[in-house]
Amino acid sequence: MQGKRAIRLLPWPVTLIGACHEGKHNVMTASWVCQVSFRPLLVMLSIAPERYTYGLIEKSGEFVVSILTEDQAEVADFCGSRSGRNVDKISALGLKTRPGQAVKVPVLEDCLANIECRVMAAHPAGDHVLFVGEVVGGSVVRPDVSPLLMLDWKPGKFNPIAEK
Ligand SMILES: Cc1cc2nc3c(=O)[nH]c(=O)nc-3n(C[C@H](O)[C@H](O)[C@H](O)COP(=O)(O)O)c2cc1C
């Protein structure tokens with residue numbers, strides 16, 4: 001089916017989704033993240049219910065989207081292949097955090113930008129759930145650096161396919 005091949009050519013951002021409940025702060029890598037409205041300012045995440053992060057977002061009603069930079073592929077790999085159920089990813093990677101402005105979820109000190117969100121709605125979508133979040137705060141951390149992108153399941157700066 002060409003659709004399966006074609007969808008792999010949709011470029012993805014690479015972000016860490018931070019969530020926090022009862023003192024437990026966790027981050028997971030997510031690429032199915034995008035802006036979906038100007039007024040109000042909304043973003044959408046697609047999160048599988050089996051992720052540890054899913055329960056933290058569901059219980060707290062908040063999350064932070066930290067946009068990763070082109071030099072953070074290893075962070076994305078680590079946080080996208082281990083679960084916060086078994087590993088404290090933030091300590092293991094030595095990620096520095098500071099309090100969020102508008103949410104209880106801490107934000108990352110090293111990333112392109114942090115987007116602070118409050119959950120407005122959740123919609124089942126196949127094997128994932130779409131969390132729609134209203135942007136209630138944020139910080140631009142390293143605007144001079146390029147974002148980390150993914151294409152065809154490979155991390156890259158622009159177009160990893162063209163470099164083959
Ligand atoms: C590049 C990349 C992008 C990912 N994007 C998503 C995503 O958008 N939604 C999702 O549910 N899982 C996504 N994952 C998988 C989760 O990051 C992974 O299952 C993670 O271990 C879940 O962590 P947690 O159990 O601590 O929440 C992605 C993984 C990688 C490597």
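Both counts, for ligands and for their atoms, begin at 1 and track the order of listing. Computed over heavy atoms, backbone and side chain alike; hydrogens, waters and symmetry mates excluded. Numbering of residues begins at 1 and proceeds along the displayed sequence.
Annotation: salt bridge (charged side-chain N to carboxylate O under 4.0 Å, His left out) contacts of D88 (sequence neighbours excluded): none. Every residue two or more places apart in sequence or in another chain that forms a ring-ring contact (aromatic ring centres under 6.0 Å, His included) with Y54 is listed here: F131.
Side-chain atoms of S139 do not come within 3.5 Å of backbone N or O of V141 as any donor-acceptor pair. Looking only at distances, no side-chain donor or acceptor of S83 sits under 3.5 Å from a matching main-chain atom of N86.
At most 12 non-hydrogen atoms from other residues, nucleotides or ligands lie less than 6.0 angstrom from CD of E74.
The residues lining ligand 1, counting any heavy atom closer than 4.0 Å, are N26, M28, T29, A30, S31, W32, S46, I47, A48, R51, Y52, T53, C79, G80, S81, R82, S83, G84, K89, H128, M150.
Under a 4.5 Å side-chain heavy-atom cut-off, the cluster of Ile, Leu, Val, Met, Phe, Trp and Tyr residues that includes L130 is completed by V36, L42, M44, M120, V132.
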